[in-house]
**Student:** 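One structure follows; several queries about it will come next.
Note that this is a predicted model, so its numbers are computed, not measured. By convention here, the first residue in the shown sequence is residue 1.
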Amino acid sequence: MTETFIEMTEDEFEKRFELVTNHIDPSAGWAYGDSNGCLFETYGEEFAFVKQADPRQVWTLTDGEGDSMYLISGVHFVNRVGYLISRNLIPDNTIVIVTLETQPDDESSP
């Protein structure tokens, strides 16, 4: 079985995938505007909720090299920071990686 690999930008991801709000933690991260955040924790009640979702709706926020961060479709454990759940399904046999834009540290800003 061949898997399709898709890379997209954060802007493309936001246009294509609507996220489920974290109803468990009203102060969760990854918020849009004044709404509650969409990021789910990697443990406890929040992770239990993530595990109940269709794996084709789950995205893993991961740390990369240096300051880089990525969203990878599916449930992953290595370097995980948290999880997002989209309302849209990722097609079968497809892996999507989103390179996130990182902000410079305050110390390095002029």
**Student:** Taking only residues two or more places apart in sequence or in another chain, which ones pass side-chain hydrogen bond (donor to acceptor under 3.5 Å, both in side chains) with T60?
**Tutor:**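 So T60 forms no side-chain hydrogen bond (donor to acceptor under 3.5 Å, both in side chains) with any residue.
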
**Student:** Going by the rule side-chain contact (heavy atoms from CB on, under 4.5 Å), which residues pair with E41 if we only count those two or more places apart in sequence or in a different chain?
**Tutor:** Y43, E46

**Student:** For S27 and D25, does a side-chain donor sit closer than 3.5 Å to a side-chain acceptor?
**Tutor:** yes

**Student:** Output all residues satisfying side-chain contact (heavy atoms from CB on, under 4.5 Å) with L61, sequence neighbours left out; order by chain, then residue number.
**Tutor:**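 Partners of L61 by the side-chain contact (heavy atoms from CB on, under 4.5 Å) criterion, ordered by chain and then number, come out as W30, L39, M69, L71, V81, L100.
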
**Student:** Working note: V96 + F5, criterion side-chain contact (heavy atoms from CB on, under 4.5 Å); need CA distance, chi angles, decisive distance, verdict.
**Tutor:** CA-CA 6 Å; V96 181; F5 179 78; over 6 Å; no

**Student:** Flag yes if L89 and I72 sit in one hydrophobic cluster, no otherwise; membership is Ile, Leu, Val, Met, Phe, Trp, Tyr, and two members link when side-chain heavy atoms are under 4.5 Å apart.
**Tutor:** no

**Student:** With ring pair (Phe, Tyr, Trp, His ring centres under 6.0 Å) as the rule and sequence neighbours excluded, what pairs involving residues 64-96 come up?
**Tutor:** F47-Y83

**Student:** The criterion is side-chain contact (heavy atoms from CB on, under 4.5 Å); which residues satisfy it with D92, sequence neighbours excluded?
**Tutor:**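 Listed in chain order: R56.
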
**Student:** If you count every heavy atom of other residues, nucleotides or ligands that lies below 6.0 Å from E45 atom CD, does the total exceed 12?
**Tutor:**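 No, not enclosed.
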
**Student:** The criterion is side-chain hydrogen bond (donor to acceptor under 3.5 Å, both in side chains); which residues satisfy it with D11, sequence neighbours excluded?
**Tutor:**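 With sequence neighbours excluded, D11 shows a side-chain hydrogen bond (donor to acceptor under 3.5 Å, both in side chains) to no residue whatsoever.
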
**Student:** T4: what forms a side-chain contact (heavy atoms from CB on, under 4.5 Å) with it, not counting sequence neighbours?
**Tutor:**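 side-chain contact (heavy atoms from CB on, under 4.5 Å) list for T4, sorted by chain: I6, T94.
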
**Student:** Quick one: list whatever passes ring pair (Phe, Tyr, Trp, His ring centres under 6.0 Å) with H23, sequence neighbours left out.
**Tutor:** F49

**Student:** Decide yes or no on side-chain contact (heavy atoms from CB on, under 4.5 Å) for L84 and C38, but give the supporting numbers first.
**Tutor:** CA-CA 6 Å; L84 298 170; C38 301; 4.0 Å; yes

**Student:** My understanding is that only residues two or more places apart in sequence, or in another chain, count here; which of them pass side-chain hydrogen bond (donor to acceptor under 3.5 Å, both in side chains) with D63?
**Tutor:** none

**Student:** Between T99 and F13, is there a side-chain heavy-atom distance shorter than 4.5 Å?
**Tutor:** no

**Student:** Suppose we screen for salt bridge (Lys or Arg N to Asp or Glu O under 4.0 Å). Which residues come up paired with E65, at least two apart in sequence or across chains?
**Tutor:**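 Result, salt bridge (Lys or Arg N to Asp or Glu O under 4.0 Å) vs E65: none returned.
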
**Student:** Assess the residue pair V20 and R87 against the criterion (side-chain contact (heavy atoms from CB on, under 4.5 Å)); give the C-alpha distance rounded to whole Å, side-chain angles, the decisive distance to 0.1 Å, and a yes or no.
**Tutor:** CA-CA 6 Å; V20 172; R87 296 191 188 281; 3.9 Å; yes

**Student:** Any side-chain heavy atom of Q57 within less than 4.5 Å of one from I90?
**Tutor:**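 A side-chain contact under 4.5 Å is absent here.
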
**Student:** Tell me, do I85 and F40 make a side-chain contact under 4.5 Å, heavy atoms counted?
**Tutor:** yes

**Student:** R80: what forms a salt bridge (Lys or Arg N to Asp or Glu O under 4.0 Å) with it, not counting sequence neighbours?
**Tutor:**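 Counting only residues at least two positions away or on another chain, R80 forms no salt bridge (Lys or Arg N to Asp or Glu O under 4.0 Å).
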
**Student:** Evaluate the side-chain proximity of N36 to N22: yes if any heavy-atom separation is below 4.5 Å, no if none is.
**Tutor:**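 No, too far: nothing below the 4.5 Å cut-off.
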
**Student:** Taking side-chain hydrogen bond (donor to acceptor under 3.5 Å, both in side chains) as the test, write out the residues that go with T9, two or more places apart.
**Tutor:**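 Once residues adjacent in sequence are excluded, the partners of T9 under the side-chain hydrogen bond (donor to acceptor under 3.5 Å, both in side chains) criterion are E12.
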
